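One structure is given here, and the rest of the page talks about it.
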2 protein chains.
Amino acid sequence: MARKKRTNDPEGMRRRVLDVAEDFFQARGYHASSLGDLMAAAGVTGGALHHHFPTKKALALAVIEERVAAAVRETWIEPVLAASSAREGVRAVFEAVAAELEEQGYVRGCPLNNLAHELSLADDEFRLALANIFAGWRQAIADKVRADQTNGGEGGTDPDRFAALAVAAYSGAMSMAKTSQDAGFLRECLKELESLQLSSGGSTVRRRRRVLLR
Amino acid sequence: MARKKRTNDPEGMRRRVLDVAEDFFQARGYHASSLGDLMAAAGVTGGALHHHFPTKKALALAVIEERVAAAVRETWIEPVLAASSAREGVRAVFEAVAAELEEQGYVRGCPLNNLAHELSLADDEFRLALANIFAGWRQAIADKVRADQTNGGEGGTDPDRFAALAVAAYSGAMSMAKTSQDAGFLRECLKELESLQLSSGGSTVRRRRRVLLR
DNA sequence: GACAAAACAGGACAACCGGTCTGTTTTATA
DNA sequence: TATAAAACAGACCGGTTGTCCTGTTTTGTC
């Protein structure tokens, strides 16, 4: 008979739990995800789970601070910072996410908004952690607008307002996309946003100046 | 000893249950609301509850189809239809809700979005009911835009896109407002939306006509 | 190799949940 | 007033939940 061996791998164990928890919390939500199912899916025993995450709340907090924040960073902040301008970055992200969802065939929604809606009112610690991610998201976009402005673009745009609307439009569009299981709402909102910006936006300064010079 | 009397009031009983359920589901969410707490808060026994709503799902479905739909109708659809134009209607609702939240002192979020995020992926019947409310919401705004257009306004605006963005911006702004407990995001998004529409939007027709007549 | 701490295993448990069931009272109808 | 259905009361139950607890194994350190 072969003896059973065990290899301690705390980091790997923790990662596996977070992987499954991230997936469960987004697909089923926090309250609808039982630790029993989670343990089974992750192949983890109760003792191990409790060792790394003493409570369910601690697990969710880790998911928020590590995974949800990372998701926002990867799908939004980094692409926007890498883009040629804030507006172009926002456009590219809308487009990329819409394309990804259409290929995927279903819409699970925005990880941040999903948890924010369920947990913001339940617990202040949850709420604060989620609000911080929203703030970082907006700030990255606003900073990009400011960078554009020092480079001579985006004349009359208020960076914080622009960022707030970009995040809001995305969040809301994703909410409708999730509820209708139709990624098209992302494209619709992006188009409307662009059609408005086309006639104002960067050219605002020029037009206003023209009016004044008459 | 006074004898205990009972007065059957099926409609009132049903209304009281729905009142509490609507409140609970918005404040705590569906899964976090136990029927026990709900019964206690409504002063209703298990028998009565089960008589009117056989399952928790049936109760939630009634809340969605009666209360949430009514909330959207009252705070959005009716004001927009009564406004002088679609844009003015959207502006007025943003303003009114922001003012109401600021006076109230806290933000519980949009009833529709709250439940949509938690229940859309859990059950298709939930999802469909919620998607219908979103659709009616958008359609009311889009219809108003079309009415504006037959009255000579809103030249190049795509009604459906405009409606989608209006709903998305509101939903997303409310999501941030709820998470940050700050109604200011509604005002910020409205201002950005207006600053874009000021230079394009309703004046598009006039400007275009002027260009054509030159 | 001794030893303490970390890592993990797995059972146990009390609280709670939603749903069911039986029984009683009210009410509409005739 | 007879009667059946609707409206309501309240106990009950099986299953689930998150957490705790007691052991055992692995691992780093001297």
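Just so it is clear, the model here is predicted, and its values are computed rather than measured. Residue numbers begin at 1 in each chain, while the letters A, B, ... track the order of the sequences.
- Phosphate contact (OP1/OP2 of dT17(D), side-chain N/O of Ser34(A), threshold under 4.0 Å): present.
- If you measure from atom CZ of Phe53(B) to atom P of dT20(C), you get 16 Å, rounded to the nearest angstrom.
- Heavy-atom nearest nucleotides on DNA chain C were determined for Pro54(B) and for Thr7(B), and the one closer to the 5' end corresponds to Pro54(B).
- When rounded to the nearest whole Å, the span between CZ of Arg14(A) and C1' of dA6(C) equals 15 Å.
- We find that OH of Tyr30(A) is positioned 13 Å from P of dT17(D), with the value rounded to whole Å.
- Residues Lys178(A) and Asn113(A) bring no donor and acceptor atom of their side chains to less than 3.5 Å of each other.
- The interatomic distance linking Met39(B) (CE) with dG19(C) (P) rounds to 12 Å, in whole Å.
- Following rounding to the nearest Å, Asp37(B) (CG) and dC17(C) (C1') show an atom-to-atom distance of 10 Å.
- Ring orientation note: the planes of His117(A) and His117(B) are close to parallel, at an angle under 30° on the 30°/60° scale.
- The side chain of His52(B) approaches dC8(D) more closely than any other nucleotide in the set dG18(C), dC8(D), dT17(D).
- Nucleotide dA12(C) holds its P atom 18 Å from the NE2 atom of His50(A), rounded to whole Å.
- By the 30° and 60° cut-offs, the orientation of the rings of Tyr170(A) relative to Trp137(A) is perpendicular.
- When distances run from any side-chain atom of Met13(A) to the nucleotides dT17(D), dG10(D), dA9(C), the shortest one goes to dA9(C).
- Rounded to an integer number of Å, the gap from NZ of Lys57(B) to P of dG19(C) is 11 Å.
- A cation-pi geometry, defined here as NZ or CZ lying under 6.0 Å from the six-membered ring centre and within 45° of its normal, holds between Lys56(B) and Tyr30(B).
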>> Quick one, Asp160(B) with Arg146(B), criterion salt bridge (Lys or Arg N to Asp or Glu O under 4.0 Å). Give me CA distance, side-chain angles, the key distance, then yes/no.
In response: CA-CA 9 Å; Asp160(B) 293 317; Arg146(B) 278 183 272 267; 3.7 Å; yes
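- Nearest to the side chain of His51(B), among dT19(D), dC8(D), dG19(C), sits dC8(D).
- Contact of Arg6(B) with dT26(C) (side chain to base): no donor-acceptor pair of N or O atoms is detected under 3.5 Å.
- With dA9(D), dA7(D), dT19(D) as the candidates, the nucleotide lying closest to the side chain of Pro10(B) is dA7(D).
- Atom CG in Leu49(B) sits roughly 16 Å away from atom P in dC21(C) (whole-Å rounding).
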